[in-house]
Asks: 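Dumping the structure here so I can ask a few things about it.
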Amino acid sequence: MGKTTKTQEPANPPTRLTGAEIVWATLVGEGVTDVFGYPGGAILPVYDALRKFPIHHILVRHEQGAAHMADGYSRASGKVGVAIATSGPGATNLVTGIATAMLDSIPIVCITGNVSSKLLGSDAFQEVDITGITLPVTKHNILVNHAEDVAPAIRYAFQIAKTGRPGPVLVDITKDAQQATADFDFDAAKPRPHRPHPMLNVEEHGLEQAAELIRNAKRPVILAGHGVIESGAEEQVYTLAERAQIPVALTLLGLGSFPASHSLNLGMMGMHGESWVNQAIQEADLLIACGMRFDDRVTGTLSTYATKARKIHIEVDPSEVNKNVKVDIALIGDLREVLEQLLPRISGRDGSAWIKTIEASKGEVAVRDIKNLPDSGHLYAAHVINDIWRMTGGNAILVTDVGQHQMWAAQYYHQEHSRGLITSGGLGTMGFALPAAIGAKFACPDKEVWVIAGDGGFQMTAAELSTIVQEGIKINIAIINNGYLGMVRQWQEFFYERNYEATPLVSPDFVKLADAHGIQGLTVRTRSELAEAVNTARSAPGTFLLNFKVEKEDSVYPMIPAGSSLHEMIRRPENSH
Ligand SMILES: Cc1cc2nc3c(=O)[nH]c(=O)nc-3n(C[C@H](O)[C@H](O)[C@H](O)COP(=O)(O)OP(=O)(O)OC[C@H]3O[C@@H](n4cnc5c(N)ncnc54)[C@H](O)[C@@H]3O)c2cc1C
Ligand SMILES: Cc1ncc(C[n+]2csc(CCOP(=O)(O)OP(=O)(O)O)c2C)c(N)n1
Ligand SMILES: [Mg+2]
């Protein structure tokens, strides 16, 4: 995996180090083994010092890739990912990746170099105010201009990134701070203990009221979100669902937190959720929202959202409570801790009538599912993703880009495990998949990693194919090639009278593109070739690219048009195959 062996230095040698050396020594102390970055003048002292420390640096092809790799690393492992860039354009290239991490609450630390402190504010060569630029898209950021502040700043950044609601933190270090020396003491640089928000204090009566609502509910639904994974509360949610026989609906980012094969799993809620899931939410008399933020893709129009339901919201960030959906009971705190206090108050209840009602509503929809249809000679993305799911036993880490293929990946790769799906939900960043998959592979080298990308998004960060080759890692890449910016084309089809403006897409021959990088590939046009191609990719020793030429004008169903109610969905027409 391209790891270099270097002598392990103590994390806190009682010596004087340069600011640049302190950067690495602090990262070693924080347990960092891999960083993703790109050098330049203002960060050169840091790069020069790297050889003395046991950290593997992955050279990316664009700094956006570095931020997404750090993000994918974090989503796959739960650890803090680290990205490094130079000042000016290096730093601004990180911004999309930082915003992506911010919107999905992913803990990453970005370290940038800046011009020397005396030049700050003078429009010096490659100077930008990156702390100013990233203020709205970081959980916190810090400008460091003294060597002695480097270690405390980085340690504080790690603490902020991973505590409470996680998020990205940027540390911008001036060149003179990197070059100057200071005493380094890892332990002394420890931040003060994290002080939880004063509201993070679940009260006895809140828990009792919540338990009472759960005991008396006739039609309850658990809404499991990304917070279940971030809190590590999978087991507690599982116990709650089983003990009280409550069905579980998941957000896109919550998929995997409750096993897809479990009889209480309803599937994904929201704009592209299955109709029975949204119907169950609309009919529910109690929603138990666990670590999810009632995103507009999840609720549809708020005035008609789950109007019959009382609502319990368990959430670590007080500002999310009553932001979109007014709730009856807010239990503010870490989900796992709150559920541990709630569970002893919940005993067995009979949920069979409600579960039967939901089951009955599934029947009519399942027959329209295109993966159940006979081979008509056409290749659909659903076939591709369903076969990848089947052949990997559902055990791969699936990293998607953004668009139709992303929704099909959510619908047809049935997630059994937490951290099995890595996808940009809140910002919806095209170009995310390939670099995020590289990060995931470094986090979990023994796992099978699949990229599912569209022909559009893949081209945004395809340069990272070279990073894969330079690092000698194995990833399987599936391009769902429909010749369109498909998700936008779908909106044009449904809402803009099929005016396909700027969505037909010419692409390079992706197999030749892979070949130019030294990566093997295959184009697949029919369903009959599909399984063998997936096998070939999986058994190839190196990264393998599959270019799936799928049906061009297929759409993701069901769909709730933006601004409509959760029960007003567009369904797959019966003759659409
Ligand atoms: C093309 C496209 C289509 C989409 N369609 C859908 C769709 O159909 N359905 C859908 O669900 N999504 C869809 N999304 C994704 C959607 O935009 C949101 O990203 C997603 O719904 C957010 O899920 P979430 O609230 O679970 O996660 P996040 O946005 O990550 O929110 C997690 C919440 O958990 C809280 N939390 C974090 N840690 C803890 C903890 N330790 N304890 C307690 N709480 C914690 C956070 O404060 C936050 O409020 C789509 C995205 C795209 C790009
Ligand atoms: C960086 C960025 N630019 C624009 C968009 C808007 N957008 C969302 S989906 C989409 C089309 C994606 O096309 P493709 O990658 O081919 O995937 P498909 O939908 O065809 O599966 C676009 C342009 C976006 N999400 N991200
Ligand atoms: Mg496409």
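Just so you know, ligand 1 is whichever comes first in the structure, and atom 1 is the first atom listed for that ligand.
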Asks: Is a side-chain donor-acceptor pair under 3.5 Å present for Gln406 with Thr423?
Replies: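 There is such a pair (donor and acceptor under 3.5 Å, judged by atom type) between the side chains of Thr423 and Gln406.
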Asks: Is the closest heavy atom of Ile480 to ligand 2 under 4.0 Å?
Replies: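 It does not, in that no heavy atom of Ile480 comes within the 4.0 Å cut-off of ligand 2.
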Asks: Minimum distance, heavy atoms only, to atom 13 (O) of ligand 2: which one of Leu485, Thr96, Val488 is it?
Replies: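 That would be Leu485.
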Asks: Can an N or O of Thr429 be found at a distance shorter than 3.5 Å from an N or O of ligand 2?
Replies: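 No.
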Asks: Among Ala453, Ser507, Gly486, which residue places a heavy atom closest to atom 20 (O) of ligand 2?
Replies: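 Looking at heavy atoms only, Gly486 sits closest to atom 20 (O) of ligand 2.
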Asks: Pro166 to ligand 1: N or O pair under 3.5 Å?
Replies: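 The answer is no, given that Pro166 and ligand 1 share no N or O pair closer than 3.5 Å.
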Asks: Show which atoms of ligand 2 fall inside a sub-4.0 Å distance from at least one heavy-atom site of Met487.
Replies: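 So the atoms of ligand 2 that pass are 9 (S), 19 (O).
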Asks: How far is atom 25 (O) of ligand 1 from the closest protein heavy atom, and which atom is that?
Replies: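 For atom 25 (O) of ligand 1, the nearest protein heavy atom comes out as Arg293 N, 2.9 Å.
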Asks: Consider every N or O of His226 and every N or O of ligand 1, then say whether any pair is closer than 3.5 Å.
Replies: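 Right, the criterion is met.
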Asks: Any idea which atoms of ligand 1 are less than 4.0 Å away from a heavy-atom of Gly291?
Replies: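 So the answer, numbered in order with elements, is 26 (O), 32 (C), 33 (C), 34 (O), 44 (N).
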Asks: So is there a nitrogen or oxygen of Met460 less than 3.5 Å from a nitrogen or oxygen in ligand 2?
Replies: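 There is no such contact.
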Asks: Is it the case that ligand 1 has an N or O less than 3.5 angstrom from some N or O of Met268?
Replies: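 In this structure, Met268 places no N or O atom under 3.5 Å from an N or O of ligand 1.
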Asks: Any atoms of ligand 1 less than 4.0 Å from a non-hydrogen atom of Met271? List them with their elements.
Replies: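 Counting atoms of ligand 1 from 1, those under 4.0 Å from Met271 are 7 (C), 8 (O).
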Asks: Please state which protein non-hydrogen atom is closest to atom 22 (C) of ligand 1 and give its distance, to 0.1 Å?
Replies: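 Closest protein heavy atom to atom 22 (C) of ligand 1: Leu253 CD1, 4.0 Å.
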Asks: Enumerate the atoms of ligand 1 whose separation from the nearest heavy atom of Asp317 is less than 4.0 angstrom.
Replies: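 Those atoms are 47 (O).
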Asks: With atoms numbered from 1 as shown, which atoms in ligand 1 lie under 4.0 angstrom from a non-hydrogen atom of Asp334?
Replies: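 Under 4.0 Å from Asp334, ligand 1 has these atoms: 40 (C), 41 (N), 42 (N).
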Asks: What residue and atom, counting heavy atoms only, is the protein's closest point to atom 25 (N) of ligand 2, and at what distance?
Replies: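 Sorting protein heavy atoms by distance from atom 25 (N) of ligand 2 puts Gly428 O, 2.8 Å first.
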Asks: Report yes or no: does Ala224 have a heavy atom closer than 4.0 Å to ligand 1?
Replies: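 No heavy atom of Ala224 comes that close to ligand 1.
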Asks: Which atoms of ligand 1 have any heavy atom of Glu230 under 4.0 Å away?
Replies: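 Answer for ligand 1: 37 (C), 38 (N).
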Asks: Looking at Met407, which atoms of ligand 1 are within less than 4.0 Å of one of its heavy atoms?
Replies: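 Those of ligand 1 that fall under 4.0 Å from Met407 are 2 (C), 3 (C), 4 (C), 5 (N).
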Asks: Check this for me - ligand 1, Leu335, N or O atoms closer than 3.5 angstrom, yes or no?
Replies: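 Min N/O separation from ligand 1 is below 3.5 Å for Leu335.
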Asks: Should you measure from each heavy atom of Ser231, which atoms of ligand 1 turn up under 4.0 Å away?
Replies: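 Near Ser231, meaning under 4.0 Å from one of its heavy atoms, ligand 1 has 40 (C), 41 (N), 42 (N).
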Asks: Among all the protein's non-hydrogen atoms, which is closest to atom 16 (O) of ligand 2, and how far away is it?
Replies: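 Answer, as residue, atom name and distance: Asp455 OD1, 2.7 Å.
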